[in-house]
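Below, chain A is the first sequence line, B the second, and so on; all start at residue 1.
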Amino acid sequence: MTLHELLSCRVAAALAAAGAPDAAPVVQPSSKPEFGDYQANGVMGAAKALKTNPRELATKVVAALQLDGIASKIEIAGPGFINITLADDFLADTVTRQQADVQLGTGRHAGDKVVIDYSSPNLAKEMHVGHLRSTIIGDALARVLAFRGDQVVRQNHVGDWGTQFGMLTAYLVETEQAGSEALALDDLEGFYRAAKQRFDEDAAFADRARDYVVKLQGGDVRVRALWQRFLEVSLAHCEAVYERLGVQLQRDDVMGESAYNDDLPRVVVDLRAAGLLTEDAGAQVVFLDEFKNKEGEAQAYIIQKQDGGYLYSTSDLAALRYRAGKLGARRLLYVVDARQGLHFQQLFTLGRKAGFIGADVATEHVAFGTMMGEDGKPFKTRSGGTVKLVELLDEAERRAFDLVSEKNPDLAEEKRRSIARAVGIGAVKYADLSKHRTSDYIFDWNTMLSFEGNTAPYLQYAYTRLASIFRAAGSFDHHAKLTLTEPAEHALALQLAQFPDLLAQVAAETCPHFLCAYLYQLATRFSRFYEACPVLKSEGETRASRLALCAAAANTLKTGLGLLGIAVLEEM
RNA sequence: GCGCUCGUAGCUCAACCGGAUAGAGCAACGGCCUUCUAAGCCGUAGGUUACAGGUUCGAUUCCUGUCGAGCGCGCCA
């Protein structure tokens, strides 16, 4: 049982004993240190329901509250808050037990199968900053869910289908004939621009491109092979970016739009058989009662164009059915831009109506905000283009290298390079992950590549201080008995003990920024401990205890950062 | 026109589904390195939570309205 579960359970029992069996305990970490470690707020609501005095009810609840060996102090405050301070010995035991578990006390429930759709770049172009959020939020969530024991299936729903690929393959033939194919494909972005230019300026080329789309969809062997070659280059580019970013997506996780191509006609047939499809202006559409406006007119959700072509609604329906059916997932997560909110509401509603997914399958659009420029308008470079992801990462590493060279000039250059990689990439990811995903995102080089305060380098720095202590300490017992005497030790141990509760919250609400806030708080509490409590200079049991506490902090920090996909360093 | 998301310190962001005196970081000002890495620690200052009502012991949070912002809404994804 986690701390929160334990306390909730005990307070609920005390409420029942005091005559409020149905009252919610409402236990949460205290808002201020003066209020102890946890506060139970359920008494006020319960007193209201029972029409009794909350202070009197609180007195009864506290009298019935069984926290022997758990709490060192229980107080009633204000209108009826119950403030609980945990016993040092109990906290020490909790941390010790947690550290003995490879999952740090989090892995109890046996694996729900969860499909998580993230990154999903368009393979026609190079990855740009707009792909960052989905990629790293999805990766962090996948890691957290897997760590807690869920069976996670990653799905990289890449854009590898549609009209633009006719254009690209047609252009690939041209460059091949000109003997410059390899060179051209080396620069995906330039290749796309050049193909687009040919398409816009040369009617014959445009016709050829359209012909290639038909051949591609019809399964023409030669065009398919060209298309495959292009995808190979583009995927290799994505994988290089994933590798640099420390994102776990691999080739096996790729399940692109094209994978559902053969299933699309069946989707239409099945929707029609279910009586959901209507022909409107030549297109096959679904009108869902759930999406009526005030005038009672239902919104159209187009499944098939009047020319017979399919849309992303069609392939998303096919993917939905595949994930719930063939993959057998109980929870479907889509880490996709918030602007597609309506699409997903319609998709999920229709998917259920059509029987593609059962009532026991949860569907969640893990929406995130739009990338904005410093002026608050949609993000663009000075010249009006998009910032490539590799350019952002290059800049991050360059700045980190300059800083580490300034702070630690004696380190070998190769060492400084590798530190700069971890610090630069970590800063970029943390800057993004630490914000609530639903809010719009202001892209700013200086904010994103800041290395002070609430940033990844602060957390990494805390870890290097720990590593430095361990180096100087030599061998020691990582699981020595903890004796918590100083307030800074108590605060740090409490933070460590809350790790399982925190991860449960991240998993339930799919919000990585909770984990960032937790780790920042953990690092802050460690830093205070570091200032207040000498480790190596203390002696005997105190020294052994503090070293073990440091080991627990280092382990939790490393694990937590690992779940965000951020590396730790021995020195920086 | 309809719908979704939002409006919190000068700036960037939090606030654990209604809890106590709304918290951090950056920027500003002042302290702390002969002592485990100062990318750090401590302190000061900074707020009518857009505005107006309502619900109740209690509202940044829930409801209504106003103002303002961003984004969606039939053949792109």
**Message:** Ring centroids only, cut at 6.0 angstrom: are Y520(A) and H513(A) within range, meaning strictly under it?
**Reply:** no
**Of the listed nucleotides rA39(B), rC41(B), rA14(B), the one nearest the side chain of S439(A)** = rA14(B)
**Complete:** Per the O4'-C1'-N9-C4 / O4'-C1'-N1-C2 angle with a 90° window around 0, rC6(B) comes out anti
**Complete:** Per the O4'-C1'-N9-C4 / O4'-C1'-N1-C2 angle with a 90° window around 0, rG74(B) comes out syn
**Message:** Does the plane of the ring in F470(A) sit parallel, tilted or perpendicular to the ring in H478(A)? Use 30° and 60° as the thresholds.
**Reply:** tilted
Taking only residues two or more places apart in sequence, or in another chain, which ones meet [X] in a side chain to side chain donor-acceptor pair (under 3.5 Å)?
| X | result |
| --- | --- |
| Y430(A) | N454(A) |
| E290(A) | K353(A) |
| T278(A) | none |

In whole angstrom, what separates [X]'s [atom1] from [N]'s [atom2]?
| X | N | atom1 | atom2 | answer |
| --- | --- | --- | --- | --- |
| F344(A) | rC4(B) | CZ | C1' | 15 Å |
| L459(A) | rG40(B) | CG | P | 11 Å |
| Y530(A) | rA39(B) | OH | P | 11 Å |
| E531(A) | rC41(B) | CD | C1' | 4 Å |
| D432(A) | rU12(B) | CG | C1' | 13 Å |
| D289(A) | rG3(B) | CG | C1' | 17 Å |
| M371(A) | rC71(B) | CE | C1' | 16 Å |
| Y461(A) | rC41(B) | OH | P | 9 Å |

**Message:** Protein within reach of the bases, or only the backbone? For nucleotides 72-77 of chain B, mark each nucleotide 5' to 3' as B, S or -, using heavy atoms under 4.0 Å.
**Reply:** -SBBSB
**Item:** Per-nucleotide protein contact string for nucleotides 15-25 of chain B (B base, S sugar-phosphate only, - none; heavy atom under 4.0 Å)
**Value:** SBS-BBS-SSS
Tell me yes or no: between the side chains of [X] and [Y], is some donor less than 3.5 Å from an acceptor?
| X | Y | result |
| --- | --- | --- |
| H436(A) | T438(A) | yes |
| T106(A) | R148(A) | no |
| Y38(A) | Q498(A) | yes |
| N408(A) | S405(A) | no |
| H343(A) | D316(A) | yes |

**Asked** Can you tell me how far the CD atom of Q39(A) sits from the CD1 atom of I82(A), to the nearest 0.5 Å?
**Response** 11.0 Å
Base, sugar-phosphate, or nothing for [X], non-hydrogen atoms under 4.0 angstrom?
| X | value |
| --- | --- |
| Q346(A) | nothing |
| S527(A) | sugar-phosphate |
| L403(A) | base |
| C511(A) | nothing |

**Request:** Kindly determine whether F526(A) and Y530(A) satisfy ring-ring contact (aromatic ring centres under 6.0 Å, His included), including the steps that lead there.
**Result:** CA-CA 6 Å; F526(A) 163 71; Y530(A) 183 90; 5.7 Å; yes
**Prompt:** Side chains of Y463(A) and M572(A): closer than 4.5 Å at any heavy-atom pair?
**Reply:** no
**Message:** Would you measure the distance from the P atom in rC62(B) across to the matching atom in rG47(B) and give it in whole Å?
**Reply:** 25 Å
**Prompt:** Is the distance from OP1 or OP2 of rA38(B) to the nearest side-chain N or O of R465(A) less than 4.0 Å?
**Reply:** yes
**Prompt:** Reckon K435(A) has a side-chain N or O less than 4.0 Å from the OP1 or OP2 of rC13(B)?
**Reply:** no
**Asked** With nearest nucleotides of RNA chain B determined for T438(A) and Y458(A) from heavy-atom distances, which residue corresponds to the more 5′ nucleotide?
**Response** T438(A)
**Message:** Dot-bracket, 5' to 3', for RNA chain B please: Watson-Crick or G-U pairs under 3.5 Å, [ ] where pairs cross earlier ones, | where the partner sits on another strand, dots elsewhere.
**Reply:** (((((((..((((.....[...)))).(((((.......))))).....(((((..]....))))))))))))....
